[in-house]
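We're numbering straight along the sequence, starting at 1.
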Amino acid sequence: AILTAGGVPLAGDTLNLSIDGVHKLDLIADPNGAVAYKISRGTPPGAHAIDFSYHGNAAIGVAPASASGTITILPPIKTWINLSLPQPTKAGQKMTLTAGLQSDNGPLQRHAVHISIDGKPKLELITDDSGKAHLDISRSTPAGTYTIAAEYHGDRPVGLAPSASTGTMTILPLSFYLQTDPALAGVPVHVDGVTALTNPDGVATLPVASAGDHSLSIDTPDLGPGARIQFARWSDGAPKSSRPLRMLADARLYASFSADYLTRLRFIDGNGAAVDATKLTE
């Protein structure tokens, strides 16, 4: 508001400001007769009556004056996030999540969307020309169920409201299949310290949480007296029973064993009667 008398600014005089009929502040005019007041950002949307009053200055023959008007505060423009998460996928495979930022005025381009995983801030993504932001999930992320949150902080200068969205992403473990050759039941197989026993068909299945490098070992079974068994090799040529295992997808290996069995010989004649072994020659 600018206070003048006969076209001359009234510097240093006081203007009373009321908003919606409530006295708000007394403002002192600057050398140009001007006063300014910043509307609080917390003022609710709607039409608000603005009134300025001046009591005049009888000493210099200036009469009172007043002015009024209306300021309209629009509500923030509604925004929302369409969070698109991948279907349950095996560890180590390509996974991408997409956050689409929309408003009542259409897609929001070049705005920041903040992504967090299980409550931990992950990344600030910038939406593209279609209002979408994309995040590739690291292939080393272990199996599990994760809560994904996308948040938009809004934009006060242009009146965009904040918004948020959440969803759940599931990463499935890889499967490691082992087959003994010959088929042996009850053989312990270890991957990263997790143990499984082979079934009667000589097969063991173990879940592996993530893609990458792991440790694999297999124990030599005890076949009891009269038998001696030892590990021979893996189907991929690895010679030792303990070895590294690299998995980028589900995998299957065969573990071969060799065995020696105690063989007892009996010498009998054509009628089935025992023959004196001392009478036998080469």
**OP:** Carefully, step by step, assess Phe52 and Val35 under the rule side-chain contact (heavy atoms from CB on, under 4.5 Å).
**Re:** CA-CA 10 Å; Phe52 281 100; Val35 298; 4.0 Å; yes
Going through the distances and angles, do Ile39 and Ile19 end up as a side-chain contact (heavy atoms from CB on, under 4.5 Å)? CA-CA 10 Å; Ile39 301 295; Ile19 299 178; 4.2 Å; yes
Tyr37/Leu15 under side-chain contact (heavy atoms from CB on, under 4.5 Å): CA gap, chis, key distance, verdict: CA-CA 11 Å; Tyr37 177 77; Leu15 277 172; over 6 Å; no
| task | Give the intermediate values and the outcome of side-chain contact (heavy atoms from CB on, under 4.5 Å) for residues Ile50 and Thr70. | result | CA-CA 6 Å; Ile50 307 297; Thr70 301; over 6 Å; no
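Classification of the Phe231-Phe257 ring pair by plane angle, with boundaries at 30° and 60°, yields perpendicular.
Across all their heavy atoms, His214 and Ala211 have their closest contact at NE2-C, 4.1 Å. Of all heavy-atom pairs between Asp51 and Ser68, the closest is OD1-CB, 2.9 Å. Across all non-hydrogen atoms, the minimal contact from Leu85 to Gly167 is CD1-C, 3.5 Å. Pairing each heavy atom of Trp234 with each of Lys240, the nearest pair is NE1-O, 2.6 Å. For Pro9 against Thr4, the heavy-atom pair with the smallest separation is CA-CG2, 3.9 Å. Listed here is the closest heavy atom pair of Pro221 and Ile229: O-CG2, 3.1 Å.
Both Leu123 and Ile148 belong to a single network of hydrophobic side chains, linked directly or stepwise wherever heavy atoms of I, L, V, M, F, W or Y lie under 4.5 Å apart. In the hydrophobic clustering of ILVMFWY residues, with side-chain heavy atoms under 4.5 Å counting as a link, Leu10 and Leu17 come out together. Placement of Leu223 and Val187 within a single hydrophobic cluster is found when ILVMFWY residues are connected by side-chain heavy-atom separations under 4.5 Å, directly or transitively. Linking ILVMFWY residues whenever their side-chain heavy atoms come closer than 4.5 Å, directly or via other members, places Val194 and Phe176 in the same cluster. Both Leu125 and Leu108 are members of a single hydrophobic cluster when ILVMFWY side chains are connected at heavy-atom separations under 4.5 Å.
A donor-acceptor contact shorter than 3.5 Å links the side chain of Asp30 to the backbone of Asn32. A distance-only check finds no donor-acceptor pair linking the side chain of Thr278 to the backbone of Asp276 [under 3.5 Å]. The backbone N or O of Ala232 lies less than 3.5 Å from no partner atom in the side chain of Ser256, so there is not a single donor-acceptor pair. For the pair Asp118 (side chain) and Thr147 (backbone), a donor-acceptor distance under 3.5 Å is present. Side-chain atoms of Arg110 come within 3.5 Å of backbone atoms of Thr127 as a donor-acceptor pair (strictly under, hydrogens ignored). Between the side chain of Thr180 and the backbone N or O of Leu184, at least one donor-acceptor pair lies under 3.5 Å. Of the possible donor and acceptor atoms, none in the side chain of Thr166 sits under 3.5 Å from a partner among the backbone N and O of Ala149. Panel note: side chain Thr14, backbone Asp26; no donor-acceptor pair is recorded below 3.5 Å. Asn271 contributes no side-chain N or O that, together with a main-chain N or O of Ala273, makes up a donor-acceptor pair within less than 3.5 Å. At least one donor-acceptor pair closer than 3.5 Å links the side chain of Asp20 to the backbone N or O of Ala49.
Here Ile218 contributes atom CD1 and Arg243 contributes atom CZ; the two are 11.0 Å apart, rounded to the nearest 0.5 Å. Distance check: Tyr152 OH to Gln102 CD gives 12.0 Å after rounding to the nearest 0.5 Å. Rounding to the nearest 0.5 angstrom, the gap separating the CG atom in Leu101 from the CD1 atom in Ile126 is 10.5 Å. The NZ atom of Lys90 sits 13.0 Å away from the OG atom of Ser210 when rounded to the nearest 0.5 Å. Put simply, CE on Met95 and CZ on Arg139 are 11.0 Å apart, with the number rounded to the nearest 0.5 Å. With values rounded to the nearest 0.5 angstrom, Asp219 atom CG is found 7.5 Å from Ser241 atom OG.
Using a 4.5 Å heavy-atom cutoff, the side chains of Leu172 and Thr89 are not in contact. Here the side chains of Leu216 and Val189 are in contact, with some heavy-atom distance below 4.5 Å. A 4.5 Å side-chain heavy-atom check between Leu135 and Leu97 finds at least one atom pair inside the cut-off. Between His23 and Ser18 the shortest side-chain heavy-atom distance falls below 4.5 Å. The side-chain heavy atoms of Thr145 and Thr168, taken from C-beta on, include a pair separated by under 4.5 Å. In this structure the side chain of Gln230 reaches within 4.5 angstrom of the side chain of Ser258, judged on heavy atoms. For the pair Leu245/Leu253, a side-chain contact is recorded, criterion being any heavy-atom separation below 4.5 Å from C-beta on. Under the 4.5 Å side-chain criterion, counting only non-hydrogen atoms from C-beta, Ile137 is not in contact with Tyr146.
One side chain, Thr96 or Asp136, offers a donor N or O that lies under 3.5 Å from an acceptor on the other. A donor-acceptor contact closer than 3.5 angstrom is absent between the side chains of Thr98 and Ser84. Remark: the Asp13 side chain and the Tyr54 side chain contain an N/O donor-acceptor pair separated by less than 3.5 Å. Side chains of His190 and Ser217: no donor on one and acceptor on the other come within 3.5 Å. Side-chain polar atoms of Ser103 and Asn105 form no donor-acceptor pair below 3.5 angstrom.
Between Arg246 and Asp213 a salt bridge is recorded (basic side-chain N to carboxylate O distance below 4.0 Å).
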